[in-house]
K.L.:
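Below: one structure in structure tokens.
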Amino acid sequence: MKMFCIGNWKMNPTTAKEAFRLGENIAEKASSCPQVITVLCPPFPFLAHLSSLSFALGGQDCFLEQKGAYTGEVSPLMLKDQGCKYVILGHSERGESDEVVQKKIRAAVRSGLTPVICIGEEKPSSPKFLHKRLHSRLQDIPATVLLKSLLVYEPVWAISTTKGGKPATQEAVALAISAFRDFLVKEAGERVGFAIPILYGGSVDKKNINIFLKAGAQGVLVGGASLKSKEFTALIAEMELHAQTV
Ligand code: PEP
């Protein structure tokens, strides 16, 4: 089973030179771990600088239309043209409505990108609450579109930059993944429901990654640790080992 190790650099680093150096340090490990799909999501201006390196590229967001008079926006077609295969959508730091995220998901898939859809909660909740969240975020998204997406359980309370943020426990992640899976199977049927990868994001590092993999996550979305090449390559290596055992 292929695993996903997705790095979200957010608004870092500040120069193309630093971005390339960080990318180069990660690329070597990524290319020696074939069971892991390593995806880096740098700021838009650095995409072209990294496109020659051996990992997949993703955008951190995209607009909900493909072209037009939308000052400051970046179209999913532009991301595709810059070599992106993935795009993170609905990250909690962006504070977008479900309706906007749904339009972006459709635009991304129409443009040939794989959406990495973030869904979580502000404080530890229950499977019932997560079902509600999934329902409002994915409402009216057809199974054909879901099948081309990755879902991330990304609890805001576990993100390293949230005040008091601490990683979720293995039990919490296992429970959330099973709530996600139940929802998908109910909404889209067994074939689609079991085919969609479910990832975890929130304070992942090399010391705790194994608990999320054991909880059933098919990969991780990583913020802070993706900016440290030693830490991020250690995550890729752990995932490669895990992938060989499942
Ligand atoms: C995130 O912001 O989605 C995230 C997972 O960040 P971090 O790994 O720093 O907690």
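Remember, predicted model here, so these are calculated numbers, not experimental data. Start at 1 with the first residue, then count along the sequence. Numbering of ligands and ligand atoms starts at 1, following listing order.
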K.L.:
G202 heavy atoms, cut-off 4.0 Å: which ligand 1 atoms fall inside?
P.N.:
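Going through ligand 1 atom by atom, the ones under 4.0 Å from G202 are 5 (C), 10 (O).
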K.L.:
Using a 4.0 Å cut-off to any heavy atom of G224, which atoms of ligand 1 qualify?
P.N.:
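It comes down to these atoms of ligand 1: 7 (P), 8 (O), 9 (O).
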K.L.:
Output yes when K10 and E93 qualify as a salt bridge under the 4.0 Å nitrogen-oxygen rule, no when they do not.
P.N.:
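The answer is yes: the pair qualifies as a salt bridge.
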K.L.:
Check contact between T161 and ligand 1, using heavy atoms of the residue and a distance below 4.0 angstrom.
P.N.:
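Not so, T161 does not reach ligand 1.
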K.L.:
Considering distance alone, does some N or O of G223 sit under 3.5 Å from an N or O of ligand 1?
P.N.:
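Between G223 and ligand 1, an N or O pair is found under 3.5 Å apart.
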K.L.:
Do D205 and V222 have side-chain heavy atoms sitting under 4.5 Å apart?
P.N.:
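No, side chains not in contact.
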K.L.:
Any atoms of ligand 1 less than 4.0 Å from a non-hydrogen atom of E154? List them with their elements.
P.N.:
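Near E154, the atoms of ligand 1 are 1 (C), 2 (O), 3 (O).
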K.L.:
Take every heavy atom of S203, measure it against each atom of ligand 1, and state whether any distance is under 4.0 Å.
P.N.:
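It does, in that a heavy atom of S203 comes within the 4.0 Å cut-off of ligand 1.
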K.L.:
Run the salt bridge (charged side-chain N to carboxylate O under 4.0 Å, His left out) check on K104 and E96 step by step: do they pass?
P.N.:
CA-CA 11 Å; K104 289 184 173 188; E96 292 168 325; 2.4 Å; yes
K.L.:
Can you tell me which residue and heavy atom of the protein come closest to atom 2 (O) of ligand 1, and the distance to 0.1 Å?
P.N.:
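Protein heavy atom at minimum distance: K10 NZ, 2.5 Å.
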K.L.:
List the steps and the verdict of side chain to side chain contact (heavy atoms under 4.5 Å, CB included) for D61 and L89.
P.N.:
CA-CA 6 Å; D61 178 45; L89 292 175; 3.9 Å; yes
K.L.:
Do the rings of Y200 and Y153 sit parallel, tilted or perpendicular, given the 30° and 60° boundaries?
P.N.:
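It falls in the tilted class, 30° to 60°.
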K.L.:
According to the interplanar angle, ranging from 0 to 90°, do the rings of Y70 and F63 count as parallel (below 30°), tilted (30 to 60°) or perpendicular (above 60°)?
P.N.:
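The rings of Y70 and F63 sit tilted, inter-plane angle from 30° to 60°.
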K.L.:
In plain terms, say whether E122 and R133 are close enough for a salt bridge, that is, a side-chain N and a carboxylate O under 4.0 Å apart.
P.N.:
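Judged by the 4.0 Å cut-off on N to carboxylate O distance, E122 and R133 do form a salt bridge.
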K.L.:
To the nearest 0.1 Å, how far is atom 9 (O) of ligand 1 from its closest protein heavy atom, and which atom is that?
P.N.:
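Here the nearest protein heavy atom works out to S160 OG, 2.5 Å.
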K.L.:
What protein heavy atom sits nearest atom 1 (C) of ligand 1, and how far away is it?
P.N.:
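Ranked first by proximity to atom 1 (C) of ligand 1 is H91 NE2, 3.2 Å.
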K.L.:
Please determine whether residues F212 and M239 belong to a single hydrophobic cluster, defined as Ile, Leu, Val, Met, Phe, Trp and Tyr linked transitively by side-chain heavy-atom distances below 4.5 Å.
P.N.:
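Yes: a chain of side-chain contacts under 4.5 Å links F212 to M239.
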K.L.:
In terms of atom number and element, which parts of ligand 1 are under 4.0 angstrom from non-hydrogen atoms of L221?
P.N.:
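Taking each heavy atom of L221 in turn, ligand 1 has 5 (C) under 4.0 Å.
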K.L.:
Can you name the atoms of ligand 1, numbered from 1 with element, that are less than 4.0 Å from a heavy atom of G201?
P.N.:
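Reading through ligand 1 atom by atom, the close ones are 5 (C).
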